[in-house]
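The first residue of the sequence shown is numbered 1, and numbering continues consecutively from there. Counting starts at 1 for both ligands and their atoms, in listed order.
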Amino acid sequence: MKKYFLTTPIYYVNAAPHIGHTYTTIAADAIKRLKRIQGYDVTLVTGTDEHGQKIERAAAAANKSPQAFTDVVSAEFRKQWEDLGLQIDAFQRTTAPNHAKVVQEFFATCLKNGYVYKNAYTGQYCVSCELYVTDAKPGDNCPDCGRPTETVTEENFYFKLSAFQDQLLELHEKNPEFLQPESKRNEVLAFIRQGLKDISISRTTIKWGIPVPNEAPHVFYVWFDALNTYRSAVDAATWPADLHLIGKEIVRFHAIFWPAFLWAAGLPLPKKIFAHGWLLFENDKMSKSKGNIVRATPIKNVIGADALRYFLLREIPFGSDGSFSYDALIGRYNSDLANGLGNLCSRTLALIQQNCDSRIPQSSGDPEIAAAAALAVDSALDSYEQLNFSKALETIWGFIGTLDKFIVERAPWKLAKSGETAKLHETLYTAAEAVRLITELVSPVIPESAAKIWAQLGFETSLDSVRTDDLTWGKLPVGQTIQNLAGVFPRADLKLMTEEMKQGEAAELARQKELLGQTAAPAEAAAPAAPPAPAMAEGVSPIAPEITIDDFIKVDLRVGLVKTAEKVKGADKLLHLSIDIGEPEPRSIVAGIALAYQPEQLVNRKVVIVANLAPRKLRGLTSQGMIVAASLEGGSPALAAFIEEVPVGARLK
Ligand code: MSP
């Protein structure tokens with residue numbers, strides 16, 4: 001059997017799933033169902049991207065360990081896809097043990113093949129944004145936050161992306177099908193033509209990652225790690241993927257980095273990458289701060305998963321940006337599903353029930369409609385093949401319109417009265433056979449509803465067993481009994497359903513926040529204006545803007561015991577300390593306190609440490625935290641201390 005392997009991106013677990021993630025995964029599920037109709041044995045892979053600083057921070061904000069936090073959020077994604085009935089074959093996590101092995105072996109091969117090297121990088125680093133500021137000189141400020149940058153040197157593993165410049169150009173120039181849509185291919189070509197620089201593929205400033213073997217404290221850069229889930233999720237024999245479905249913002253990683261990584265490891269490339277557009281909410285970017293993020297579950301609970309699937313794939317040309325709104329969702333549902341398809345089905349089946357004793361009548365159908373059906377099938381399959389869902393659905397709904405017209409013109413109720421049985425049977429066979437074909441054609445997009453119509457048509461086999469060969473006129477068995485007639489798409493009340501979805505949305509938001517250990521205040525609520533800062537005594541800095549307890553709890557302050565202290569060569573102000581905070585190894589901390597304290601004054605002294613500050617390098621030494629001190633006149637530090645006896649490792653809060 002022919003095989004087809006497709007993937008969605010693996011989703012970051014710093015936040016719970018929302019409708020943007022759902023959009024990609026629903027599209028992937030629809031493609032899977034479509035490929036099955038075409039006779040493929042299909043594998044659909046998704047998963048979660050769980051390493052890196054963003055996740056480390058989200059976990060700290062939730063007061064959880066990274067592993068505990070990612071377990072919870074990853075399970076939310078898995079549950080979301082199950083709830084929506086998506087047919088996922090493998091759900092891979094970057095924290096899966098088999099994945100770490102795949103990444104480490106992949107790295108070893110790239111290294112052996114000469115595409116990886118170690119190099120020190122010196123650049124201007126913004127401690128606040130935790131980013132190197134490209135093209136900045138010593139003394140420059142960070143363009144994002146305006147704070148002064150520091151000159152920092154970090155040693156990293158580098159990947160020779162530059163070695164693949166020509167090969168990448170050729171790949172995209174000669175294979176216009178490799179990356180779609182065309183606009184994205186042009187962007188990528190332009191980017192490659194600018195010249196590719198080598199990229200760092202390890203980090204020493206992050207702990208939460210897959211270790212580079214024998215190279216502690218290096219962990220792999222998130223993309224080197226994440227892209228390999230596409231391989232680690234399946235058997236080696238299943239690689240390469242036929243399709244990577246992605247959002248447009250991650251094209252560069254998939255269309256430049258990934259092919260180069262794979263070449264470096266001597267592995268085949270995926271066959272195709274398709275980048276869809278961005279989903280907006282009422283034409284506005286969805287964001288936490290705007291409080292306009294929509295989730296799929298409340299929509300599914302009120303109007304059904306198929307309504308959402310249909311809306312997303314019909315309303316937004318695949319590859320372009322599009323907008324979600326409750327009004328547009330319900331509008332589409334009523335016009336296309338309730339009035340369009342739903343009406344055609346119930347009318348056809350009711351007429352067969354009333355006039356043909358619930359059996360499909362003997363006829364070969366109307367030849368003109370049969371011809372129109374063949375055209376619609378070909379055209380819809382063609383559009384589907386190009387992942388042009390909206391066009392495929394437009395074609396199918398055009399055919400629904402043709403049938404509505406046909407039924408009205410034939411007026412089977414009149415034929416029944418006047419006793420024109422042959423014509424009546426031809427009319428009803430035509431309508432029922434057309435409904436069968438339509439049901440098969442829409443099944444990748446609205447599988448649950450299609451299965452209901454399928455069963456009402458009297459089929460006992462699963463709709464999943466339908467193949468392209470079945471999509472020809474005349475396959476509806478004469479005499480088959482239609483059964484259990486019931487409306488598949490009840491009309492939706494715009495006001496009522498919008499209200500219910502919004503209420504569900506608020507409840508879902510609160511549930512997710514509870515789950516992620518964050519405040520339950522709805523994101524929509526505007527933050528209260530900060531009270532004016534009270535005047536301070538002269539020489540004392542003003543109070544910083546107000547924060548919440550949740551902000552404060554992110555800072556992990558611990559009691560530490562200084563084990564050793566020494567001056568840092570060539571740096572008057574710095575001391576290098578090792579401080580026990582109750583972990584197996586003491587922390588290495590570099591502090592700017594050398595002008596106020598002699599090293600020997602500090603040994604055996606208890607101090608307060610910010611224990612969850614991202615590590616950084618100072619003068620080639622790693623600093624894994626910060627000592628808390630009062631800042632006196634002229635910036636001179638006075639270390640915080642305790643009057644009572646306190647144990648090492650105790651948390652301050
Ligand atoms: N973890 C990376 C991907 C690694 S793949 C080896 C990542 N994760 S993500 O969670 O930020 O987003 C992943 C995907 O979610 C996007 O590429 C896109 O497919 C989908 N979307 C997330 N928000 C979206 C919208 N608002 N609109 C449409 N899709 C969006 O990037």
Ligand 1 versus Phe253: contacting region, heavy-atom distance under 4.0 Å: neither
Any His18 heavy atom less than 4.0 Å from ligand 1: yes
Closest to atom 5 (S) of ligand 1 (judged by heavy-atom distance), picking from Tyr230, Phe281, Phe257, Phe324: Tyr230
Neighbour count >12 (heavy atoms, 6.0 Å) for atom NZ, Lys2: yes
Any Leu337 side-chain heavy atom under 4.5 Å of Arg332 side chain: no
Closest protein heavy atom (residue, atom, distance) for atom 25 (C) of ligand 1: Gly20 CA, 3.6 Å
Per-atom contacts, ligand 1 versus Met286 - under 4.0 Å to a heavy atom: 26 (N)
Identity and separation of the nearest protein heavy atom to atom 11 (O) of ligand 1: Tyr12 CD1, 3.2 Å
Min N/O separation Asp49 to ligand 1 under 3.5 Å: yes
Polar proximity ligand 1 side, Gly277 side, N/O cut 3.5 Å exclusive: no
Minimum non-hydrogen distance to atom 30 (C) of ligand 1, winning option of Trp278, Trp258, Tyr23: Trp278
Non-hydrogen atoms of Lys285 and Lys290 that approach each other most closely: O-NZ, 3.5 Å
Residue pair Glu215, Lys118: steps toward the salt bridge (charged side-chain N to carboxylate O under 4.0 Å, His left out) verdict: CA-CA 11 Å; Glu215 291 286 352; Lys118 212 178 195 180; 2.8 Å; yes
Minimum-distance protein heavy atom relative to atom 17 (O) of ligand 1: Glu249 OE2, 2.8 Å
Lys174: partners by salt bridge (Lys or Arg N to Asp or Glu O under 4.0 Å), with sequence neighbours left out: Glu170
Closest protein heavy atom (residue, atom, distance) for atom 19 (O) of ligand 1: Thr24 OG1, 2.7 Å
Atoms of ligand 1 close to Trp223 [distance to a heavy atom under 4.0 angstrom, numbered from 1]: 2 (C), 3 (C), 4 (C), 5 (S), 6 (C)
Enumerated ligand 1 atoms positioned under 4.0 Å from heavy atoms of His276: 19 (O), 28 (C), 29 (N)
Within 45° cone and under 6.0 Å: Lys35 NZ/CZ vs Tyr4 ring: yes
Which residue and heavy atom of the protein sit nearest atom 27 (N) of ligand 1, plus the separation: Leu279 N, 2.8 Å
Ring geometry between Phe220 and Phe224 (parallel below 30°, tilted from 30 to 60°, perpendicular above 60°): parallel
Nearest neighbour in protein (non-hydrogen) for atom 22 (C) of ligand 1: His21 CD2, 3.7 Å
Charged N-O contact under 4.0 Å between Arg185 and Glu182: yes
For Lys3, salt bridge (Lys or Arg N to Asp or Glu O under 4.0 Å) partners two or more places apart: Asp41
For atom 3 (C) of ligand 1, the protein heavy atom that lies nearest, with its residue and separation: Ile10 O, 3.2 Å
Top protein contact for atom 14 (C) of ligand 1, by heavy-atom distance: Tyr11 CE2, 3.6 Å
Residue Lys272 excluded, over 12 heavy atoms near NZ under 6.0 Å: yes
Test applied, ring pair (Phe, Tyr, Trp, His ring centres under 6.0 Å); reference residue, Tyr115; option that passes from Trp263, Phe157, Phe164: Phe164
Contact check: Gly247 vs ligand 1, nitrogen or oxygen atoms, below 3.5 angstrom: yes
